[in-house]
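Notes for the one structure printed next.
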Amino acid sequence: MYFPRPYPDELLYSLAARCRVHLGLDSHKGLLRLLFNDIRIAAVTDLPTHLELLASNIGWNAEELLQQHTLFPLYAPFIPEARRNRLRQAMLAADIPGAIGVAGLSTSLIKWPAWLRYCPLCFEEMKDRFGEVYWRRCWQAMGADACPVHGCILQDSPIPYRRQERHEFIAASPVFEKLNNSVNPASSNIIAVSCLAQQLLSLEQCPSPGHSGWTRFYQKLAAEHGACRGRQVRSSLLWERVRAFYSTEWLAGNCLLGEEPPSWFFAIFRKHRNSFSFLQHLMLWSVFRPGQAVEDIIREACSVPQVSEPTPSEQLSAEPRELLHRRECWLAALSRHCGAKQARSCGGGALYAWLYRHDREWLMQTNNAKRTKSGNNSQVDWGLRDRQLVRLLIQIEKQTAEELTLPRKSRNWYLGQLPHRASVACHLGKMPLCRAFLDRYSESIGEFQIRRMTREILKDFQRGNHSRLWELERRCGLQKGKMAPLTVRFINRMGDWD
């Protein structure tokens with residue numbers, strides 16, 4: 001079937017949107033039927049799925065679509081190899097859902113832009129060169145707020161990045177005349193991030209250093225800038241350089257600012273247990289490795305050698321009488337407290353340090369013998385905790401009772417509002433009040449669908465509109481045959497919708 005020739009750095013979303021315009025199709029689902037043989041495919045901006053099915057229909061290569069027309073290269077180098085393969089398969093195959101979750105976008109500190117963005121000067125050049133405009137990939141990277149070609153601030157279009165109408169492909173050309181064409185120059189640091197993002201998008205197959213590779217790279221980076229004290233990284237010194245380079249507005253606008261230094265900044269210079277967003281990496285590279293190519297940095301992270309673990313230092317000598325006295329004091333401290341940790345915290349820190357330097361083997365054996373069993377939670381007053389948490393749940397319910405825009409207030413949603421969610425979820429059997437609250441107030445699917453319809457009906461009332469039933473269902477994301485029985489009864493009781 002017909003599919004337009006791709007322009008440089010064009011999003012696959014933009015290609016599909018131009019295809020709809022060229023074919024003169026009014027129906028977005030009609031385009032999905034032509035391209036994918038399925039009208040349920042979502043029009044995702046950054047990480048589209050079902051690429052193999054699309055490639056077979058239009059006669060293209062699915063790998064080229066993945067590498068050259070999606071934002072997959074922004075995430076691939078920063079997640080482990082196994083997870084990168086899962087993300088690749090989730091985008092290529094038709095039966096593996098959850099590409100956005102595998103990429104880490106659902107829980108990422110960095111959120112995607114609210115709107116599709118564009119460069120007015122690039123649009124003018126596209127109009128002169130190609131006769132039409134399109135959406136470029138480098139404009140939609142989170143935090144890359146400048147055009148890497150012209151160095152101006154990107155403008156927001158009226159097209160949402162994540163659309164409520166999840167099947168719509170909206171081209172740039174029909175809205176080109178309505179866009180704001182004002183040009184504002186960007187600062188050099190924002191341009192630097194945008195240029196690094198453009199380099200990252202231009203990479204072909206690139207190896208992933210994994211968590212261990214990025215750990216070694218950032219430890220080496222800290223040592224190069226004199227922020228290491230032994231094996232400890234003085235993150236506050238590095239953060240001062242970041243704050244001198246980037247403005248507070250830019251850091252706060254991209255969710256990179258919190259308590260100073262923020263917790264993610266400490267974590268990136270420690271052992272990596274989770275992946276970080278590409279924007280966090282690019283921001284640090286622009287400060288501490290200015291001018292270095294992205295490909296060289298990634299290859300360096302893959303080749304940083306493993307630092308050997310330091311061997312324990314030799315123990316110091318001590319008089320037998322003093323050694324015996326110190327042992328007796330430590331045994332007395334262990335008998336007074338529950339375990340070595342409490343003994344150290346309650347005034348025994350100096351004694352522990354002396355024994356560690358002079359009699360380490362005896363100290364470790366004694367502590368292991370005196371170690372108390374943990375994990376049975378026998379010291380927890382579950383009745384008291386149950387009463388405290390149910391009061392908090394009742395307060396949350398009162399505060400959110402009239403909030404119609406919240407996600408579904410399921411059992412997991414309520415648990416997510418509590419401190420120590422995992423512990424509460426594992427021990428609900430010991431907290432009958434919390435369990436009764438969750439059984440009573442957890443929102444069912446039908447109640448959630450009714451709340452969404454109520455929100456849209458109230459909007460119509462405030463604006464003086466009268467929407468038909470199919471319009472409300474579409475705005476609420478409801479489909480025929482997938483509505484709960486409670487929702488159907490609610491619709492029937494509302495009477496005539498025409």
Side-chain angles (χ1 to χ4, degrees), residues 46-47 70-81 83-84 87 102-113 137-138 140-146 148 188-225 227 233 235 238-239 241-243 245-246 250-258 261-304:
D46 48 356
L47 299 175
T70 73
L71 298 189
F72 173 80
L74 290 180
Y75 306 97
F78 308 114
I79 56 180
E81 189 70 28
R83 189 167 146 204
R84 182 171 71 166
L87 174 59
V102 176
L105 283 174
S106 302
T107 57
S108 175
L109 180 70
I110 315 298
K111 302 304 179 183
W112 48 74
R137 290 190 300 170
C138 63
Q140 318 309 331
M142 296 89 82
D145 301 330
S188 59
N189 46 19
I190 299 179
I191 296 175
V193 170
S194 301
C195 291
L196 290 174
Q198 176 63 26
Q199 291 183 42
L200 195 57
L201 287 168
S202 302
L203 290 180
E204 296 296 333
Q205 295 288 344
C206 187
S208 172
H211 288 163
S212 59
W214 288 120
T215 298
R216 296 192 297 269
F217 172 78
Y218 282 106
Q219 289 175 351
K220 176 185 176 184
L221 190 69
E224 290 176 353
H225 291 82
V233 177
S235 303
L238 299 173
W239 180 248
R241 295 192 57 180
V242 172
R243 293 293 280 117
F245 196 79
Y246 286 101
W250 187 86
L251 292 171
N254 289 287
C255 306
L256 295 170
L257 193 62
S263 57
W264 71 264
F265 192 80
F266 280 112
I268 202 169
F269 287 99
R270 295 173 177 170
K271 181 178 180 180
H272 286 213
R273 292 177 173 85
N274 298 302
S275 300
F276 294 87
S277 168
F278 70 89
L279 179 59
Q280 293 165 314
H281 289 276
L282 299 186
M283 185 193 74
L284 293 179
W285 298 352
S286 64
V287 176
F288 301 108
R289 291 290 182 88
Q292 187 171 358
V294 166
E295 185 175 7
D296 296 339
I297 293 176
I298 295 175
R299 296 195 182 280
E300 179 184 348
C302 293
S303 60
V304 176

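Using modelled atom types, no side-chain atom of Ser277 and backbone atom of Ile110 make a donor-acceptor pair closer than 3.5 Å. A donor-acceptor pair under 3.5 Å is absent between the side-chain atoms of Trp112 and the main chain of Met142, judged by distance alone. Of the possible donor and acceptor atoms, one in the side chain of Ser208 sits under 3.5 Å from a partner among the backbone N and O of Ile79. For Arg241 (side chain) and Phe288 (main-chain N/O), no donor-acceptor pair under 3.5 Å exists by modelled atom type.
Aromatic ring centroids of Tyr218 and Phe269 lie under 6.0 Å apart. Close placement of the Trp214 and Phe78 rings is indicated, their centers lying within 6.0 Å of each other.
The CZ atom of Phe265 lies 11.5 Å from the CZ atom of Arg243; values are rounded to the nearest 0.5 Å. Of the inter-residue distances, the one linking Leu71 atom CG with Leu47 atom CG reads 6.5 Å to the nearest 0.5 angstrom. The structure places OG of Ser263 at 11.5 Å from CD1 of Ile268, a figure rounded to the nearest 0.5 Å.
Under the 4.0 Å criterion applied to side-chain N and carboxylate O atoms, Glu300 and Arg216 are not assigned as salt-bridge partners.
Residues Phe217 and His272 have side chains not in contact (no heavy-atom distance under 4.5 Å, counting atoms from C-beta outward).
Remark: Lys271 NZ is loosely packed, at most 12 non-hydrogen atoms of other residues, nucleotides or ligands lying under 6.0 Å away.
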